[in-house]
S.K.: 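This is the structure I have questions about; it appears just below.
As the structure is a prediction and not an experimental result, all values here were calculated from the model.
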Amino acid sequence: MGKTPLDASEEHYIQPGALSVIKAIASEVDSNNLNSVFHIGDISYATGFLAEWDFFMNLISPVASRVSYMTAIGNHERDYVSSGSVYQTPDSGGECGVPYETYFPMPTSAKDKPWYSIEQASVHFTVISTEHDWSINSQQYEWMKKDMASVNRQHTPWLVFMGHRPMYTSNQGFSSKDQNFIKAVEPLLFENTVDLALFGHVHNYERTCSVYQNKCKAMPIKDQKGVDTYDNKNYSAPVHAVIGMAGFPLDKSSNNGESWSLKRISEFGYLRAHATKNDLNLEFVTSDTREVKDSFRITK
């Protein structure tokens with residue numbers, strides 16, 4: 001998301017959609033129907049400029065002061081050369097996760113181990129770091145394996161997985177998928193019957209079928225209102241969604257999506273979710289017009 005200057009000020013990074021998105025989310029808070037917000041990496045884009053963290057924290061205060069503002073770490077918070085990050089890029093500007101973990105103390109086990117899980121009502125959220133070692137037998141891998149296997153699906157029937165870099169995106173280039181990440185972690189999602197996997201990093205919106213190993217295991221069926229509905233009573237595979245459209249200049253959506261790609265939208269906005277014991281309802285809302293541009297439902 002990042003931040004948008006309120007005047008003609010120049011910054012080294014400007015995210016033109018951030019202001020409209022945070023205003024739209026603040027209006028959701030005003031409705032008293034919102035329990036929490038999840039911001040899945042690339043938080044402020046301060047990248048070493050501490051004043052820009054201050055500006056960002058002020059920008060989100062109408063939301064974060066009233067509801068839980070949960071986060072995951074992204075490349076622009078953690079990655080730097082010779083710092084222990086998986087990707088040896090200068091993307092954090094040398095922050096190496098220190099300001100991020102100071103401003104957003106999540107329920108993690110220790111410093112520089114920014115993975116955790118929480119439960120809210122009928123949902124178990126498993127939140128990982130794609131920027132720290134996720135390889136098989138690594139500490140984070142073993143934690144993911146244990147956390148997802150331990151979920152009581154009678155108590156929290158929904159299992160939602162979150163991380164910054166996606167497993168499925170039609171975009172190419174720097175944001176293309178890391179096949180090593182997919183090979184290591186995707187089987188854990190399938191084995192633990194993850195319902196929904198949410199990612200950022202790519203700056204647009206994209207939704208898949210129930211997909212595993214690049215193949216659609218099941219397609220949604222439209223309900224009476226025309227909403228794509230995934231039947232997880234007969235579980236087949238996770239649904240993946242990239243929701244990186246919260247502020248940074250948008251990536252153009254590909255005109256040639258893979259067979260697993262069902263919806264691609266390049267507009268600023270956010271994903272709104274409502275969970276009961278039996279239904280997980282999701283809507284992509286544009287921040288400028290507050291229109292619902294995509295909706296889907298997962299049922300049990």
S.K.: Can you find a side-chain donor-acceptor pair between T289 and E291 that sits under 3.5 Å?
M.R.: yes

S.K.: Can you sort out the partners of C216 under disulfide bond (SG atoms under 2.5 Å apart), two or more places apart, ordered by chain and number?
M.R.: C209

S.K.: For Y103, which residues count as a ring-ring contact (aromatic ring centres under 6.0 Å, His included) partner, sequence neighbours excluded?
M.R.: W53

S.K.: Hey, could you give me each pair passing side-chain hydrogen bond (donor to acceptor under 3.5 Å, both in side chains) that has a residue in residues 232-248? Not counting sequence neighbours.
M.R.: D195-N232, D231-N234

S.K.: Ring centres under 6.0 Å, that's the criterion: do H76 and Y13 meet it?
M.R.: yes

S.K.: Check which hydrophobic residues are tied to I221 through side-chain heavy-atom contacts below 4.5 Å, counting indirect links as well, and list them.
M.R.: none

S.K.: Identify, with sequence neighbours excluded, every residue that meets ring-ring contact (aromatic ring centres under 6.0 Å, His included) alongside Y212.
M.R.: F190

S.K.: So, are D91 and R78 salt-bridged, with charged N and O less than 4.0 Å apart?
M.R.: no

S.K.: Are the side chains of L198 and I40 in touch, meaning some heavy atoms are under 4.5 Å apart?
M.R.: yes

S.K.: Please list all pairs passing the salt bridge (Lys or Arg N to Asp or Glu O under 4.0 Å) test where one or both residues lie in residues 116-130, with sequence neighbours left out.
M.R.: none

S.K.: Knowing that exactly one of R297, K263, K222 qualifies, which makes a salt bridge (Lys or Arg N to Asp or Glu O under 4.0 Å) with D228?
M.R.: K222

S.K.: Salt bridge or not between D79 and R165? Use side-chain N to carboxylate O under 4.0 Å.
M.R.: yes

S.K.: Got a sec, which hydrophobics cluster with M148, joining ILVMFWY side chains under 4.5 Å apart, including via others?
M.R.: V86, Y87, W115, I128, W134, I136, Y141, W143, M144, V151, L159, F161, M167, Y168, F181, I182, V185, L188, L189, V194, F199, V211, W260

S.K.: Taking side chain as C-beta onward, heavy atoms only, is H164 less than 4.5 Å from N75?
M.R.: yes

S.K.: Can we say K3 and E11 salt-bridge, meaning some charged N sits less than 4.0 Å from an Asp/Glu carboxylate O?
M.R.: yes

S.K.: Can you name the residues that form a ring-ring contact (aromatic ring centres under 6.0 Å, His included) with H12, not counting sequence neighbours?
M.R.: F49

S.K.: Same hydrophobic cluster for V239 and M219, using side-chain heavy-atom links shorter than 4.5 Å among ILVMFWY?
M.R.: yes

S.K.: Counting only heavy atoms not in Y80 (residues, nucleotides, ligands), do more than 12 fall under 6.0 Å from its OH?
M.R.: no

S.K.: Is it the case that over 12 heavy atoms from other parts of the model lie below 6.0 angstrom from the NZ atom of K300?
M.R.: yes

S.K.: What pairs of residues pass the disulfide (SG to SG under 2.5 Å) test when at least one of them lies in residues 232-300, not counting sequence neighbours?
M.R.: none

S.K.: Does Y205 have any ring-ring contact (aromatic ring centres under 6.0 Å, His included) partners at least two apart in sequence or in another chain, and if so, which?
M.R.: F284

S.K.: Yes or no on side chain to side chain donor-acceptor pair (under 3.5 Å) for H203 and N171, after CA distance, side-chain angles and deciding distance?
M.R.: CA-CA 9 Å; H203 304 130; N171 279 59; over 6 Å; no

S.K.: Are V160 and V37 connected, step by step, through hydrophobic side chains (Ile, Leu, Val, Met, Phe, Trp, Tyr) whose heavy atoms are closer than 4.5 Å?
M.R.: yes

S.K.: Give me each pair satisfying salt bridge (Lys or Arg N to Asp or Glu O under 4.0 Å) with a member in residues 25-38, each pair once, sequence neighbours excluded.
M.R.: E28-R272, D30-R66

S.K.: If hydrophobic clusters are built from ILVMFWY residues whose side chains come within less than 4.5 Å, do V21 and I14 share one?
M.R.: no

S.K.: For K277, which residues count as a salt bridge (Lys or Arg N to Asp or Glu O under 4.0 Å) partner, sequence neighbours excluded?
M.R.: none

